[in-house]
Number of protein chains: 2
Amino acid sequence: MSNSCDDLVPPGADPLTCCVPLSREPISPEQATSVVPMLKAIADPARLRLLSLVLSHEGGEACVCDLLPHFDLSQPTISHHLKVLHEAGLVDREKRGTWVYYLARPAAMEALAGLFTADTGAARTAVGA
Amino acid sequence: MSNSCDDLVPPGADPLTCCVPLSREPISPEQATSVVPMLKAIADPARLRLLSLVLSHEGGEACVCDLLPHFDLSQPTISHHLKVLHEAGLVDREKRGTWVYYLARPAAMEALAGLFTADTGAARTAVGA
DNA sequence: GCCGGATATCGACATGTGTCAACATTGACG
DNA sequence: CGTCAATGTTGACACATGTCGATATCCGGC
């Protein structure tokens, strides 16, 4: 049932529009429109790296001060990219005192993986259930 | 060994730069740079739909004339999007007489799925091997 | 309460991108 | 070989996007 599609999509999109492999049936224009923001979010070198840094960081979370040193970009630019990732539903945001932590969203990753999974039946429910 | 990373990447990028889950370790700037074109290619509603149409079409292939009717876009625009998908290594191109067929590239799909796969060990080699 | 550090927002700028109309190219078929 | 249908290429345009500096906001410590 609840296979990570439920609370995935960011505010404003219908929750059922993901998780269907692209190869199973033609994705509808509406589905495409609602998935694309997530893809746009990761289709940038800085943001892809930021996401990977958060995902692979201890506990699946990292504060901005952990991330900044990895880039030659200004702090506002990093902040902007993190906002994009957050608004796309790929990472959560949590404020702890002076610091802001960004947290991985495993459900979002599963949804993306599901998009590209071959529709072989066996592979589709392997991870989730 | 040959786990779909070999002949994946389009001309000009090193072939080993994909297939490592984002959550396993921070993706390197170089890896990011070489994967991003693929992500950019699908981060557009028209192209995502085109890719899905090709993938889900009978035999994993479709000619331009099959695709055109699904869109309100001009033929040159569709042609442009297909070129982007092809140059990103997501679909192959095959000319048959007057028609041009675009073919799905399962290896590319696996590579993308692998990017977002949780690094749980079990899940990583589930589909491929 | 004030100061300093961490992060976000704003405004501006250069560059990239999606789209089209016009045209070029290719191949089938008489 | 000339015509037509299918597809690709080019140039131009509006719009989105990545980046920065300047500034604002929030919070902890003194």
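Residue numbers start from 1 in every chain, and the chains themselves are labelled A, B, ... in the order their sequence lines are given, proteins ahead of strands.
Applying the side-chain contact (heavy atoms from CB on, under 4.5 Å) criterion to B:T77, with sequence neighbours excluded, gives B:L73, B:S74, B:H81.
Rounded to whole Å, the distance from CG on B:D66 to C1' on D:dA6 is 12 Å. Rounded to a whole Å, the CD1 atom of A:I78 is 15 Å from the P atom of C:dT9. B:H80 has its NE2 atom 18 Å from the C1' atom of C:dC23, to the nearest Å.
Checked against D:dA6, C:dT7, D:dC20, the side chain of A:R93 finds its nearest nucleotide in C:dT7. Of all nucleotides listed (D:dT9, D:dC20, C:dT17), C:dT17 comes nearest to the side chain of B:K40. The listed nucleotides are D:dT7, D:dT19, D:dA5; the one nearest the side chain of B:W99 is D:dT7.
Rounding to the nearest 0.5 Å places CG of B:L90 at 6.5 Å from CG of B:L112. Taking CG of A:L67 as the start and OH of A:Y102 as the end, the distance is 9.0 Å to the nearest 0.5 Å.
Residue A:Y102 is classed as a sugar-phosphate contact, given heavy-atom separations below 4.0 Å to backbone atoms only. Using a 4.0 Å heavy-atom distance criterion, A:L73 is classed as a sugar-phosphate-only contact. Looking at heavy-atom distances under 4.0 Å, A:Y101 makes no contact with the nucleic acid at all.
In terms of polar N and O atoms assigned as donor or acceptor, the side chain of A:Q75 comes within less than 3.5 Å of the base of C:dA8 in a complementary pairing.
A heavy-atom distance below 4.0 Å to DNA chain D is reached by these residues of residues 44-57 of chain A, ordered by number: A:D44, A:R47.
Contact between the side-chain N/O atoms of B:S79 and the OP1/OP2 oxygens of D:dG8 is found at a separation under 4.0 Å. Phosphate proximity of D:dT9 to B:K83: present, with a side-chain N or O under 4.0 Å from OP1 or OP2.
No continuous path of hydrophobic side-chain contacts links A:L53 to A:W99 [ILVMFWY only; heavy atoms under 4.5 Å].
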